Amino acid sequence: DLPHVNGFVVPCRSGFPYHGEDRFQERNDDITDEAGYWKEYADRNMLLMGNGAGGFSEDSEAGGDFVRDIASGRGLIYGNFDNDGDLDLLVTNCGGRARLYRNDLPKSGNWLRIRVVDHVSGRDTLGSTVIVGTSERRLTQILAPQSSYLASHEPVLHFGLRPTESVESVTVYWPDGPVEMAGEEYPRDRWEVNRLETLRRGTGTPVAVEINSTGQD
């Protein structure tokens with residue numbers, strides 16, 4: 001549920017910050033052996049799995065090659081690369097190739113993937129907040145694909161659903177304020193799952209939201 005890429009980023013021979021140095025020291029190494037040079041910075045990735053109660057624990061077995069490979073990881077990108085409905089991982093490494101890890105964990109439950117775009121320009125509306133109301137809970141995500149180092153994730157929101165859940169409503173908080181309940185172009189009581197939906201601004205039903213003194217609705 002929570003993949004983490006590691007790579008030692010402090011120059012190994014600079015002494016910062018372990019010996020009282022108060023600034024970074026520049027390195028001007030002549031790198032003739034790229035693989036050997038970056039091996040000194042290599043570290044292990046981690047996969048933390050949620051326990052359903054807000055806690056996480058490391059699961060090396062489920063992590064597979066993602067946690068077994070040792071490299072100097074930098075960027076971590078997630079997306080549904082093979083179009084099978086789950087999230088795969090792409091890792092960029094210093095001194096090595098990018099590595100794509102396909103998610104082959106056993107499938108359980110359903111999913112809904114949502115793309116939110118402007119109806120005029122067709123561009124992804126970064127900063128939009130989408131709330132999916134199911135028969136059991138409310139799931140909230142913000143479209144912010146730039147959360148990793150020098151990387152951008154697939155600009156699609158992925159909602160994992162329990163086997164017993166059905167999607168009953170989808171609400172979009174657009175970045176500049178308007179709120180819409182999607183939508184007029186989806187005339188159904190319940191949303192179909194295990195599919196990608198594209199929501200276009202201006203096609204839903206406007207929703208009035210009251211903001212309290214804390215700035216929350």
Side-chain angles (χ1 to χ4, degrees), residues 1-3 48-56 75-90 103 107-217:
D1 293 327
L2 183 60
L48 306 178
M49 302 297 286
N51 60 13
F56 293 85
L76 173 62
I77 302 169
Y78 59 79
N80 185 21
F81 289 97
D82 53 4
N83 293 318
D84 65 348
D86 56 31
L87 294 179
D88 310 295
L89 301 176
L90 177 68
N103 183 355
K107 302 294 188 295
S108 63
N110 299 305
W111 50 271
L112 178 66
R113 291 166 51 77
I114 295 179
R115 185 183 177 204
V116 283
V117 301
D118 182 81
H119 70 291
V120 176
S121 66
R123 295 180 177 179
D124 298 292
T125 54
L126 304 185
S128 295
T129 299
V130 177
I131 301 176
V132 171
T134 77
S135 54
E136 301 179 19
R137 53 186 174 152
R138 280 162 49 102
L139 305 173
T140 302
Q141 290 194 41
I142 300 175
L143 183 61
Q146 69 283 4
S147 63
S148 189
Y149 176 70
L150 296 180
S152 180
H153 308 296
E154 180 185 23
V156 176
L157 298 175
H158 182 99
F159 294 87
L161 305 173
R162 298 165 181 164
T164 56
E165 283 183 301
S166 59
V167 176
E168 299 181 347
S169 67
V170 177
T171 305
V172 183
Y173 287 63
W174 300 104
D176 56 347
V179 182
E180 290 183 315
M181 182 79 72
E184 293 178 354
E185 60 182 15
Y186 305 100
R188 51 179 178 261
D189 295 332
R190 295 189 177 182
W191 292 62
E192 297 180 31
V193 297
N194 301 330
R195 60 181 292 163
L196 170 66
E197 296 277 9
T198 298
L199 306 183
R200 302 184 183 277
R201 179 172 176 162
T203 61
T205 303
V207 177
V209 177
E210 180 181 355
I211 306 298
N212 60 30
S213 59
T214 64
Q216 299 177 342
D217 61 2

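The shown structure was predicted, so the numbers you read here are calculated from the model rather than taken from an experiment.
Note: Ile131 CD1 to Thr171 OG1 = 6.0 Å, rounded to the nearest 0.5 Å. Put simply, NE2 on His119 and CG on Leu199 are 14.0 Å apart, with the number rounded to the nearest 0.5 Å. Between the CZ atom in Arg115 and the CG atom in Leu196 there is a gap of 8.5 Å [rounded to 0.5 Å]. Taking CG of Asn194 as the reference point, atom CG of Asn110 lies at 4.5 Å (rounded to 0.5 Å). Atom CH2 of residue Trp191 and atom CD of residue Glu168 lie 12.5 Å apart, to the nearest 0.5 angstrom. For the atom pair OG1 of Thr134 and CG of Leu112, the computed distance is 11.0 Å after rounding to the nearest 0.5 Å.
Looking at every heavy atom in both residues, Ser169 comes nearest to Met181 through CB-SD, 4.0 Å. Taking both residues in full, the closest heavy atoms of Pro175 and Ser128 are given as CD-OG, 3.2 Å, listed atom of the first, atom of the second, then distance. Asp124 and Pro155 make their closest contact through OD2-CG, 3.7 Å (heavy atoms, listed as atom of the first residue, atom of the second, distance). Here the closest heavy-atom approach between residue Arg195 and residue Trp111 is recorded as N-CZ3, 3.3 Å.
The side-chain contact (heavy atoms from CB on, under 4.5 Å) search around Ser108 returns none, not counting sequence neighbours. Among residues two or more places apart in sequence or in another chain, the side-chain contact (heavy atoms from CB on, under 4.5 Å) test is passed with Asp176 by Trp174, Pro178, Arg201. Residues forming a salt bridge (Lys or Arg N to Asp or Glu O under 4.0 Å) with Arg137 (at least two apart in sequence, or on another chain): Glu165. By the salt bridge (Lys or Arg N to Asp or Glu O under 4.0 Å) test, Glu154 is found to be paired with Arg113, residues two or more places apart in sequence or in another chain being considered. Taking the salt bridge (Lys or Arg N to Asp or Glu O under 4.0 Å) definition, one finds that Asp86 meets it with Lys107, sequence neighbours left out.
Under the ring pair (Phe, Tyr, Trp, His ring centres under 6.0 Å) criterion, the residue pairs touching residues 121-155 are Tyr78-His153, with sequence neighbours excluded.
Contact check for Tyr173 versus Ile142: no side-chain heavy atoms found under the 4.5 Å cut-off. Between Asn80 and Val156, every side-chain heavy-atom pair lies at or beyond the 4.5 Å cut-off. In this structure, Asp84 and Asn103 have side chains that are not in contact, with every pair of non-hydrogen atoms separated by 4.5 Å or more. Between Ile77 and Leu89 there is no side-chain heavy-atom pair separated by less than 4.5 Å. Side chains of Leu143 and Leu157 form a contact here, defined as non-hydrogen atoms less than 4.5 Å apart. Residues Ile114 and Val132 have side chains in contact (heavy-atom distance under 4.5 Å, counting atoms from C-beta outward).
No donor-acceptor pair closer than 3.5 Å links the side chain of Ser148 to the backbone N or O of Gly75.
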